[in-house]
Amino acid sequence: MDAWLDGFQRDTNPESEVMWWERLTQCYLVYTDTKALSSEQKQAVFRILFQLGMGGDLRAIAPDLARLSGSAAQEILALIGEGTQ
């Protein structure tokens, strides 16, 4: 945790980094709070959101999507899209 905080303090524009993490957290909580997911599935949701937030495509997240329901991709993409409008 100390190294992570130190990284923010050394960043020339930490506000945008913090905003990115806050958005990722918001999407994660909105998705996971409404579903009964296992720990493995919650980890998959985080990896999906992180990958998409870093510019990854659907092929990169396919293994994690396979751990979730059939509508997961559409729901997660809708959550991410809401934050970009």
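- Residues L29 and W20 share a single hydrophobic cluster, defined by chaining ILVMFWY side chains whose heavy atoms lie under 4.5 Å apart.
- Side-chain contact between D33 and Y28: absent, with no pair of heavy atoms (C-beta onward) separated by less than 4.5 Å.
- Within the model, atoms CG of L79 and CG of L24 stand 11.0 Å from one another, a figure rounded to the nearest 0.5 Å.
- By the 4.5 Å heavy-atom criterion applied to side chains, S71 and Q74 are counted as neighbours.
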| query | Does the side-chain contact (heavy atoms from CB on, under 4.5 Å) test come out yes or no for L68 and I76, once each step is laid out? | reply | CA-CA 11 Å; L68 304 173; I76 292 171; 4.2 Å; yes
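- Distance check: L77 CG to C27 SG gives 10.5 Å after rounding to the nearest 0.5 Å.
- Partners of D6 according to the salt bridge (charged side-chain N to carboxylate O under 4.0 Å, His left out) rule, which considers only residues two or more places apart in sequence or in another chain, are R10.
- Under the side-chain contact (heavy atoms from CB on, under 4.5 Å) criterion, T34 pairs with no residue at all, not counting sequence neighbours.
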Show every donor-acceptor pair shorter than 3.5 Å between a side-chain atom in residues 42-56 and any protein atom, with sequence neighbours excluded, or say none if there are none.
residue : atom : partner : partner atom : Å
R47     : NE   : D64     : OD1          : 3.0
R47     : NE   : D64     : OD2          : 3.2
R47     : NH2  : D64     : OD1          : 2.8

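- Between R67 and Q41, the shortest heavy-atom distance links the atoms O-NE2, 3.0 Å.
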